[in-house]
Peer 1: 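Dropping the structure in here first, questions after.
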Protein chains: 2
Amino acid sequence: MTDVHKKFEEKTIRTEPIFTGKIISLQVDHVELPNGEVATREIVKHPGAVAVLALLDDKMIVVEQYRKPLEKSQVEIPAGKLDAGEDPLHAALRELEEETGYKSDQIRHISSFYTSPGFADELLHLYVVENLVKGEARPDEDEFLECEAITLEEAQQYIREQRISDAKTIMAVYAWQLYKLTGSI
Amino acid sequence: MTDVHKKFEEKTIRTEPIFTGKIISLQVDHVELPNGEVATREIVKHPGAVAVLALLDDKMIVVEQYRKPLEKSQVEIPAGKLDAGEDPLHAALRELEEETGYKSDQIRHISSFYTSPGFADELLHLYVVENLVKGEARPDEDEFLECEAITLEEAQQYIREQRISDAKTIMAVYAWQLYKLTGSI
């Protein structure tokens, strides 16, 4: 029986480790294609991440921070990478509290998605959190950010202005709009 | 006057080139944080990409291919990376035709988003294409894929089954659902 998840499998001939960093690592895999030819695949390994659509009355919580790869600051939903062995749901509540000070016990999974499956294995788990209770933010020592609550219309305006321009936040805004229209998420 | 896009800027002290590949390159930037401390940022450079929500009557066109970073095959909307200096709209129509054989002259921009702004500069341009005309597929020589047309309900089922699990395709399914509900995209 053919495993449907292995269709067109590219078998690894050899893995060439290139770099191991604090957050990502990089390797080049030499693979055998379905036609027997050989090719290389450049692969970034990432520990996985979480992000939170945090709803406070009729607003969502966003944070503004500098994104070095883009050389600009961006408005995004609270997010962060998984610690080793950490449960994604726990990580989502942890990142929300660290970045914004908000806590909650009402959290639901929206979806989990690979951010860039062509070259990276990063899997991002997106949650919606309601019934927020305000506490105190405790960002990481190398993390500088500003927290804000915005309406759906403001979020859509930020997308047009490209102050919001990352996949997870645009995805969260779509999910929120669908939630308002259909009552489910 | 403060540039709003430079809030919490991290100034580059030194860039350490690590790797230059066929598709991505990797560097480590040593940066000065807003508090004067020094930190490192691991940054993947990517040429940018395009993806297409291609609508054929009441179905969307998807392709199944093996994603080596995930070690499994995935169902995704047609997509690919930008050639050097290529216009994204042109690239979107080129990738659609190469991967599926479909052509069109009715194309609209949905959104452009950074797939993973924490460690990569990849910007993905998402388009919707209608009025498809069938021609002949011409995938790249190291590209093996299978084309299919699925309904919105099938797409949502694929998401639940994790046969669809990448950001751009889930984003396209949300956009399609909103298009059906609101008439605009």
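Just the heavy atoms: all of them, side chains too, but no hydrogens, waters or symmetry mates, feed the values below. In what follows, chains carry the letters A, B, and so on, assigned in the order in which the sequence lines appear, proteins first and then strands, with residues in each chain numbered from 1.
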Peer 1: So for A:Leu26, is it side chain, backbone, both, or neither that comes closer than 4.5 Å to the heavy atoms of chain B?
Peer 2: side chain
Peer 1: If you count the non-hydrogen atoms of other residues, nucleotides and ligands that lie under 6.0 Å from CG in B:Asn35, is the total more than 12?
Peer 2: yes
Peer 1: Look up atom CZ in A:Phe144 and atom CD in B:Glu10, then write down how far apart they are to the nearest 0.5 Å.
Peer 2: 8.0 Å
Peer 1: With side-chain contact (heavy atoms from CB on, under 4.5 Å) as the criterion, how do A:Gln177 and B:Tyr174 come out once you've worked through the C-alpha distance, each side chain's angles and the decisive distance to 0.1 Å?
Peer 2: CA-CA 10 Å; A:Gln177 190 180 356; B:Tyr174 278 167; over 6 Å; no
Peer 1: So which of A:Leu124, A:Leu178, A:Thr40, A:Val44 has the largest heavy-atom pair count under 4.5 angstrom toward chain B?
Peer 2: A:Leu178
Peer 1: Against chain A, work out which of B:Glu37, B:Glu146, B:Gln65 has the most heavy-atom pairs shorter than 4.5 Å and name it.
Peer 2: B:Glu146
Peer 1: Do any pairs count as a ring-ring contact (aromatic ring centres under 6.0 Å, His included) and have a residue in residues 39-63 of chain B, sequence neighbours left out, and if so which ones?
Peer 2: A:Phe119-B:His46
Peer 1: With a 4.5 angstrom heavy-atom cut-off, could you sort out which part of B:Ile23 is near chain A: side chain, backbone, both or neither?
Peer 2: both
Peer 1: So do the side chains of A:Pro117 and B:Gln74 get within less than 4.5 Å of each other, counting heavy atoms only?
Peer 2: no
Peer 1: Does any non-hydrogen side-chain atom of A:Ile43 lie less than 4.5 Å from one of B:Lys68?
Peer 2: yes
Peer 1: Does a side-chain heavy-atom distance below 4.5 Å link B:Leu70 with A:His5?
Peer 2: no
Peer 1: Relative to chain A, which of B:Arg41, B:Gln162, B:Gln27 shows the most heavy atom pairs under 4.5 Å?
Peer 2: B:Arg41
Peer 1: Shortest non-hydrogen contact from B:Lys72 to A:Tyr114?
Peer 2: NZ-OH, 3.2 Å
Peer 1: Among the clusters formed by ILVMFWY side chains lying less than 4.5 Å apart, do A:Tyr102 and A:Val75 turn up in the same one?
Peer 2: no
Peer 1: Mind checking whether A:Glu71 and B:Thr12 have side chains closer than 4.5 Å, heavy atoms only?
Peer 2: yes
Peer 1: Report yes if the side chains of A:Phe113 and B:Met171 come closer than 4.5 Å at any heavy-atom pair, otherwise no.
Peer 2: no
Peer 1: Above 12 or not: heavy atoms from other molecules or residues under 6.0 Å from NZ of B:Lys180?
Peer 2: yes
Peer 1: Side chain, backbone, both or neither: which part of A:Ile170 has a heavy atom under 4.5 Å from chain B?
Peer 2: both
Peer 1: Partners of B:Glu42 by salt bridge (charged side-chain N to carboxylate O under 4.0 Å, His left out), sequence neighbours excluded?
Peer 2: none
Peer 1: At what distance, to the nearest 0.5 angstrom, does NZ of A:Lys168 lie from OG of B:Ser116?
Peer 2: 7.5 Å
Peer 1: Does B:Gln106 have more than 12 heavy atoms from other residues, nucleotides or ligands lying within 6.0 Å of its CD?
Peer 2: yes
Peer 1: Is there a continuous path of hydrophobic side-chain contacts, each under 4.5 Å between heavy atoms, that joins B:Ile110 to B:Tyr127?
Peer 2: no
Peer 1: Is A:Lys22 in contact with chain B via its backbone, its side chain, both, or neither, using a 4.5 Å heavy-atom distance?
Peer 2: both
Peer 1: Cluster question for you: counting only ILVMFWY and a side-chain heavy-atom cut-off of under 4.5 Å, with indirect links fine, are B:Ile107 and B:Val52 together?
Peer 2: yes
Peer 1: Give, as side chain, backbone, both or neither, the part of A:Ala175 having an atom under 4.5 angstrom from any heavy atom of chain B.
Peer 2: both
Peer 1: Heavy atoms under 4.5 Å from chain A: which residues of residues 148-156 of chain B carry them?
Peer 2: none
Peer 1: Look at A:Leu126, A:Val28, A:Leu145 and state which one has the largest set of heavy-atom pairs under 4.5 Å with chain B.
Peer 2: A:Leu145
Peer 1: Which residue pairs pass the ring-ring contact (aromatic ring centres under 6.0 Å, His included) test when at least one of the two sits in residues 148-172 of chain B, sequence neighbours left out?
Peer 2: none
Peer 1: Taking all atoms of both residues into account, what is the closest heavy-atom pair of A:Pro69 and B:Asp121, and its distance?
Peer 2: O-CB, 3.5 Å
Peer 1: If hydrophobic clusters are built by linking Ile, Leu, Val, Met, Phe, Trp and Tyr wherever their side-chain heavy atoms come under 4.5 Å apart, do B:Ile185 and B:Trp176 end up in the same one?
Peer 2: yes
Peer 1: Chain A: which of B:Leu33, B:Val31, B:Asp29, B:Ile24 shares the most heavy-atom pairs with it under 4.5 Å?
Peer 2: B:Ile24
Peer 1: Only pairs of heavy atoms separated by less than 4.5 Å count here; which of B:Ala49, B:Gly118, B:Ala79, B:Gly80 has the most with chain A?
Peer 2: B:Gly118
Peer 1: Of the backbone (N, CA, C, O) and the side chain (C-beta and beyond), which part of A:Asp142 lies under 4.5 Å from a heavy atom of chain B, both, or neither?
Peer 2: both
Peer 1: So which of A:Ile18, A:Ile159, A:Thr115, A:Leu123 has the largest heavy-atom pair count under 4.5 angstrom toward chain B?
Peer 2: A:Thr115
Peer 1: With only heavy atoms counted, which part of A:Thr182 is less than 4.5 Å from chain B, the side chain, the backbone, both or neither?
Peer 2: side chain
Peer 1: Any idea which heavy atoms bring B:Lys6 and A:Tyr66 closest together, and the distance?
Peer 2: NZ-OH, 3.7 Å
Peer 1: In terms of hydrophobic clustering (I, L, V, M, F, W, Y; side-chain heavy atoms under 4.5 Å; direct or indirect links), are B:Leu96 and B:Leu53 co-clustered?
Peer 2: no
